[in-house]
Amino acid sequence: MREVIVIGGGVVGLASAWWLLEAGFGVTLLEREDTLGAGASFRNGGQLSYRYVAPFADAGVPLKALRWLLQKDGPLRFRPEADRRQWRWLARFVAHCDAGIHRRTTARLLQLGELSRSAMGQLDGILPKDEFGWREAGKLVVYRSGKAFDAAAARADAGSEVLSAAGCVAAEAALAAAQSVLAGGVFNRGEAVADCHAFCTGLGQRLRAHPRFRGIVRGEARGFLLEKGKVRWLDTSAGMLAADDYVLAAGIRSRTLAATAGIYLPLYPLKGYSLSAPVRPGDCPPQISVTDFERKVLYARIGDQLRVAAMVDMVGEDASLDAGRIAGLLRQARAVMPRAADYETMTAWAGLRPATPSSAPIIGATPVSNLWLNVGHGPLGFTFACGSASILAEVMRGDAPPISLDGLGLRA
C-alpha cells in the first residue's frame, strides 16, 4: 500500500485525504493549526456555486479594476509589494484577460463544477448534509447596471430564470430595500450554501474513523528534501516525515513549500472578508444565496447566521482585519438587507484565498515524481474541493481523470 502525506487541513486537503483513502492509499494529514479548516475554509462565503464559476480574468477587467480602486467601498484594493511574485502573477493575470481564454477556462470550470456536485453527493451516506448546514437554496445574481443585466440576460441558459427588479424581490424578500437600485437578476436553482468549517470538522471525524487513516500530525511544514528527483523527506516542526507520495494542499503556503522542491506555483493570496451576524426572530434573512454583481458581495443564510462575504485585497500574506474594509462591508449589507440580521453583534473575519491568474486550480503531477498538487482554488475552494480531490485520487492511482486536465495542470 502506498503511503501519502497530505499537507494542509483545509477543505481541499481534507477532501484530498478522503478520496485518497477511498482509492486505497494510506494517508497521514499534516496541519499546523490546532483545529481543521482554520484558514480560508473558516468563515468564507459558504457558496457551492457549481454553475457560477466564471474566472475573474476577463476582457475589460483591467479597466474595471482601475475604477474599483477609486471607489470608497470598492471590491478591489491593491498595495504594491517589493515581491516579484506579485508582479509576475499580475502579468499572467492580465494575459488571461482575453475573451477567448475566458470562454475556454469557463467551460473547463463548469465541467469541474458538475464533477464536484456529483462528488459531493457521494458523501451523502457518510457525512449527512444536515451536519454542515447544507441548503439547496438556489443562487440569485442581481445587477444594478442595465447594461450588465442585459448582457447577463442574453447569456442566460434554459436552466436560468431572468427576473425584473420586482421579480428579484418577489423571489427574495430580503432584497426589498434594494429594489430601486436593481435592474434585474438571473436565478439558478440547484446551487447550494453550507458551513464550510462544519464540513471540515465533520469530514475530519470520518477521516479519523477510516481504517487506512494514519492520523493527524500537528506541525508546520518547512520544506521538501529531494534525492534523485524525488521527495525523500518532509521537514516539519514536528520532525522529519517520510512517505511514498506527498500532496501539497496548503493554501497560499503551498507556493513557498513548492519552491523548496524547485517548483514555481503561480499563486497569489486574494484577501477576502466576511461578516457573520445572528438571525433573530422577526428578522428577514435571505432564503436564496444572493450575489450583488457590481459590488461583488455575497449574502447567504448559513444555519442561524447571515454570512456576508466580499472584497479582493491584494496586499500580500496579510490576513489581519482592516477596520475600514469591515466598516465598508457593513455599510453595504445594511443598505441592501437592513432587516436581515443583528448587525450590532456581527463577527468579522478575513482569509487568504490562494488564486491562480486563470482562476483554475492546479491539480495533479509535478516534475518531482512523488509530489502532487491540489492548489489554487481561489474563492471556489469549497465548490471545487470534492471534484478536484476525486481527480487527484484517480491520477495518483494511474487511472484516466474523469475530465480533461487541459487548463488544470501545473503548466496551464
Side-chain angles (χ1 to χ4, degrees), residues 4 6-8 10-20 23 40 47-58 88-89 92-93 95-120 122 245-252 254-255 257-258 261 263-268 270 353-412:
V4 182
V6 175
I7 306 164
V11 67
V12 174
L14 290 164
S16 299
W18 178 261
W19 259 268
L20 287 169
Q47 307 288 298
L48 292 162
S49 301
Y50 300 112
R51 297 180 65 197
Y52 192 71
V53 296
F56 184 42
D58 195 4
R88 187 174 179 181
W89 190 94
R92 291 186 64 170
F93 175 82
H96 278 86
C97 290
D98 172 88
I101 294 174
H102 184 270
R103 283 193 298 272
R104 291 192 296 273
T105 305
T106 300
R108 182 65 67 231
L109 295 183
L110 283 169
Q111 287 185 312
L112 179 56
E114 288 307 311
L115 177 65
S116 298
R117 188 199 302 272
S118 175
M120 175 67 83
Q122 294 172 23
D245 294 274
Y246 303 80
V247 171
L248 192 48
I252 193 57
S254 299
R255 64 177 182 174
L257 291 171
I263 297 170
Y264 167 71
L265 292 184
L267 301 179
Y268 191 82
L270 301 182
R353 301 164 296 191
T356 64
S358 67
S359 296
I362 303 171
I363 309 166
T366 74
V368 177
S369 62
N370 62 342
L371 178 58
W372 306 82
L373 300 173
N374 199 359
V375 298
H377 299 71
L380 293 172
F382 195 13
T383 295
F384 289 150
C386 294
S388 62
S390 69
I391 291 173
L392 179 71
E394 293 290 338
V395 297
M396 286 184 64
R397 195 166 55 181
D399 296 334
I403 64 172
S404 170
L405 295 185
D406 180 34
L408 300 176
L410 179 58
R411 294 181 176 86

Check: Leu408 main-chain N/O paired with Arg108 side-chain donor or acceptor under 3.5 Å:
no
Distance from Leu20 atom CG to Met396 atom CE, nearest 0.5 Å?
5.0 Å
Do Ser116 and Leu112 touch side chain to side chain, with heavy atoms closer than 4.5 Å?
yes
For the backbone of His102 and the side chain of Thr105, can you confirm whether one donor and one acceptor N or O come within less than 3.5 Å of each other?
no
Has the side chain of Thr366 got a donor or acceptor atom that lies under 3.5 Å from a matching backbone atom of Leu371?
yes
Could you walk me through whether Tyr268 and Arg255 pass the side-chain contact (heavy atoms from CB on, under 4.5 Å) test, one step at a time?
CA-CA 9 Å; Tyr268 191 82; Arg255 64 177 182 174; 4.1 Å; yes
How about Ile263 and Leu248: do any of their side-chain heavy atoms sit closer than 4.5 Å?
no
Any side-chain to backbone donor/acceptor pair from Thr356 onto Pro266? Under 3.5 Å, distance only.
no
Distance from Ser359 atom OG to His96 atom NE2, nearest 0.5 Å?
9.0 Å
Residues which pass side chain to side chain contact (heavy atoms under 4.5 Å, CB included) with Ala23, listed by chain and number, not counting sequence neighbours
Phe25, Ala393, Arg397
Quick one: ring pair (Phe, Tyr, Trp, His ring centres under 6.0 Å) partners of Trp18, sequence neighbours excluded?
His210
Could you check Trp19 against Leu392 for side-chain contact (heavy atoms from CB on, under 4.5 Å), going step by step and ending with a plain yes or no?
CA-CA 8 Å; Trp19 259 268; Leu392 179 71; over 6 Å; no
Pairwise distance OG(Ser388) to CD1(Ile362) - rounded to 0.5 angstrom
12.0 Å
As a quick check of understanding, evaluate side-chain contact (heavy atoms from CB on, under 4.5 Å) for Met120 and Phe382, giving each step before the final call.
CA-CA 10 Å; Met120 175 67 83; Phe382 195 13; 4.2 Å; yes
State which residues pass side chain to side chain contact (heavy atoms under 4.5 Å, CB included) with Pro354; sequence neighbours excluded, sorted by chain then number.
Ile252
Considering all heavy atoms of both residues, which atom of Ala365 and which atom of Leu410 are nearest to each other, and what is their separation?
O-CB, 4.3 Å
Check: Arg353 side chain, Leu270 main-chain N or O, donor-acceptor pair, under 3.5 Å
yes
What closest approach, in Å, do Leu115 and Ser390 show between heavy atoms, and which atom pair accounts for it?
CD2-OG, 3.8 Å
Please identify each residue that fulfils ring pair (Phe, Tyr, Trp, His ring centres under 6.0 Å) with Phe384, with sequence neighbours left out.
none
Going from CD1 on Ile391 to CD1 on Ile403, what distance comes out if it is rounded to the nearest 0.5 angstrom?
4.0 Å
Tightest non-hydrogen contact, residues His377 and Val12, listed as CE1-CG1, 3.6 Å
Who pairs with Tyr246 by ring pair (Phe, Tyr, Trp, His ring centres under 6.0 Å), at least two apart in sequence or on another chain?
none
If you compare all heavy atoms of Gly251 against all heavy atoms of Leu267, which two are closest, and at what distance to 0.1 Å?
O-CD1, 4.1 Å
Rounded to the nearest 0.5 Å, what separates atom CG in Leu380 from atom CG in Leu48?
10.0 Å
Can you name the closest pair of heavy atoms from Leu257 and Ala250 and give their distance?
CD1-CB, 4.3 Å
Ignoring hydrogens, what is the shortest heavy-atom contact between Ser254 and Val375? Give both atom names and the distance.
OG-CG1, 3.5 Å
Walk me through it: do Val4 and Val6 pass the test side-chain contact (heavy atoms from CB on, under 4.5 Å)?
CA-CA 6 Å; Val4 182; Val6 175; 4.2 Å; yes
Output all residues satisfying side chain to side chain contact (heavy atoms under 4.5 Å, CB included) with Ser369, sequence neighbours left out; order by chain, then residue number.
Lys230
Looking at OH of Tyr264 and CZ of Arg88, how far apart are the two atoms once the value is rounded to the nearest 0.5 Å?
4.5 Å
